[in-house]
Amino acid sequence: MKDASPLTNESTGSAVPAVRRASPPGATAPPRLLAAVAAVVLAVSACSSGGGPGPDNEDGPERPTGPADELTAVDPAEVPGVEERTDGEDDGDVAVDVAYPAVPGADPLTERLGEITAAEVSDFTGANPGAKRISVDWGLSAAAEDVVAVRLVQREEDSEGERTGYATYWYDTGSGHTAYATELIADQAGLADLNGLVRERLADTEGVDPDALQPVLRVYDSMGFNPDGDLVVEFDAGQVAPVKEGRVSAVVPRADAEPLLSEFGVRARDAATVVERGFAVASPAAAAPKDGPAEGVPGLLPERDPDLDCTAPDSKCLALTFDDGPGERTPELLDALAEHDAKATFFVTGGPVREHPETVRRTYAEGHELGNHTVEHPDLARLGKGAIREELDTVDDLVRRETGADMSLMRPPYGSTDDQVEEVAADLGHAQIIWSVDTNDWKDRKAGVVVDRVVDGAEPGAIILMHDIHGSTVDAVPRMLEKLDEKGYTMVTVSQLLGDTEPGRAYYDAPPERPEDAEDGGGDQGD
Ligand code: NI
């Protein structure tokens with residue numbers, strides 16, 4: 001047996017000595033390099049014998065087969081005792097048909113899949129008043145070593161028609177953690193690099209909008225590996241190309257993906273590229289870890305920069321806020337903010353989010369904050385609690401379905417709020433953000449006037465109200481940023497400016513001198 005394996009006996013194998021001859025004379029390859037070389041040789045030989053079991057890999061692990069642009073699939077028959085959980089309880093007028101697996105010894109995964117599918121049903125029905133039907137089906141993409149991967153296929157039908165979406169969850173049987181697909185990638189910078197590679201690979205693909213490809217959780221929620229260990233990224237119908245183009249996928253070669261993977265991502269790839277007959281979880285984790293992954297989830301972006309302290313005495317932070325969008329020209333505004341390394345907060349409304357989902361994703365990906373500004377922009381103080389909740393819930397659901405993010409801020413239209421609005425906002429986990437400077441940019445559509453009002457009103461701790469749906473405001477932003485830069489201001493998100501906020505409470509500004517006093521000031525008109 002040991003004679004047949006070039007990996008356990010360097011002197012008799014054919015491939016490893018060839019590699020050694022390529023080393024400079026006298027050089028001694030460190031053991032880690034040899035191990036890496038051996039791994040590559042193994043992968044190549046598994047590849048080249050692809051059609052069927054060849055003499056080379058009889059003693060090696062069995063490899064999965066399947067198309068190059070699909071995630072590997074594991075036959076559930078190879079996982080003894082796997083069961084199916086279902087949920088068929090209709091949600092209002094929406095027909096629901098949900099199924100997911102219960103793998104023996106992986107209870108935290110089963111529990112998490114139950115939560116995830118319930119949230120998907122709730123977000124779909126909440127985001128879409130024309131929702132008719134949703135079903136979730138499952139497959140296994142890996143079940144080997146200490147990794148289980150579950151791929152969910154979600155079919156939705158609403159007044160616009162039918163769409164199919166995909167999400168893949170990666171379970172670490174040792175820790176009990178169910179990872180998002182983005183956790184296969186080391187960090188946000190890696191996800192951004194991956195997004196660049198995917199854009200290149202999809203540049204000539206029919207209908208793909210490169211602006212829709214953004215390094216955010218929801219866009220990269222289904223990733224896995226093909227039998228060769230190349231990284232496969234798949235996008236929902238309608239997510240990055242028109243619905244009629246169906247599922248869109250990109251294959252990033254193993255070698256290009258390798259430096260982007262997290263330590264868990266490497267283990268996941270190794271598990272996805274072997275077949276383990278009769279898989280069983282070796283040492284079951286009793287519960288999911290309380291804290292998430294130590295380094296955060298790539299694709300979920302922090303609203304704050306931990307290295308920036310707006311409470312420091314010499315800091316001059318202020319928050320620029322833009323309501324009612326995104327608009328047609330919001331991308332230009334984002335360009336200007338990026339040029340000045342400035343952050344802002346965007347209070348978005350329902351229709352524009354549906355119309356410009358790619359801008360919502362980009363805004364989030366570039367480190368700006370998203371806040372809830374209701375679906376229909378009503379005066380919330382005139383509505384009952386149920387209606388207030390629906391106005392806010394729907395936008396929460398819409399934004400989560402585009403980015404994966406949970407928002408923690410809302411702005412009542414016209415700054416109009418009362419006890420009921422406060423109660424619902426508190427319930428939904430949103431602080432109410434009013435403003436301290438109203439530019440009235442919706443009334444006076446002159447860029448110069450908007451610049452002057454912002455610059456005149458600027459002071460440390462200010463929250464400045466503008467609207468990115470007006471061209472004059474977009475035109476004003478580059479000069480406004482230049483002037484604020486000259487005056488030494490740091491333009492930050494509202495959450496950066498205020499620090500931890502209390503759900504329900506109304507904030508008007510954050511004057512550094514009196515951080516506890518945010519109940520006065522503010523506007524009761526405009527917006
Ligand atoms: Ni508004």
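We count ligands from 1, going down the list as the structure has it; atoms in each ligand are counted the same way. All values below come from the heavy atoms of this structure, side chains included, with hydrogens, waters and symmetry mates left out. Residue indices begin at 1 and follow the sequence shown.
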### Query
Which of parallel (below 30°), tilted (30 to 60°) and perpendicular (above 60°) describes F346 and F322?
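Aromatic pair F346/F322 classed parallel.
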### Message
So that I can check it, does any N, O or S atom in H377 come closer than 2.8 Å to the Ni ion (ligand 1)?
### Response
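So H377 counts as coordinating the Ni ion (ligand 1), yes.
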#### Entry: Check: T110/R85 side-chain N/O donor and acceptor closer than 3.5 Å
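Side chains of T110 and R85: no pair found under 3.5 Å.
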### Query
Can D396 and H430 be counted as having a side-chain donor-acceptor contact under 3.5 angstrom?
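H430 and D396 do have a side-chain donor-acceptor pair below 3.5 Å.
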### Task
For the Ni ion (ligand 1), find the closest N/O/S atom belonging to D324 and write down its atom name.
OD1
### the Ni ion (ligand 1) to H373: nearest N/O/S atom name
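It is NE2, the N, O or S atom of H373 closest to the Ni ion (ligand 1).
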### Message
If you take the centroid of each ring, where Trp contributes its six-membered ring, are F235 and Y166 closer together than 6.0 Å?
### Response
no
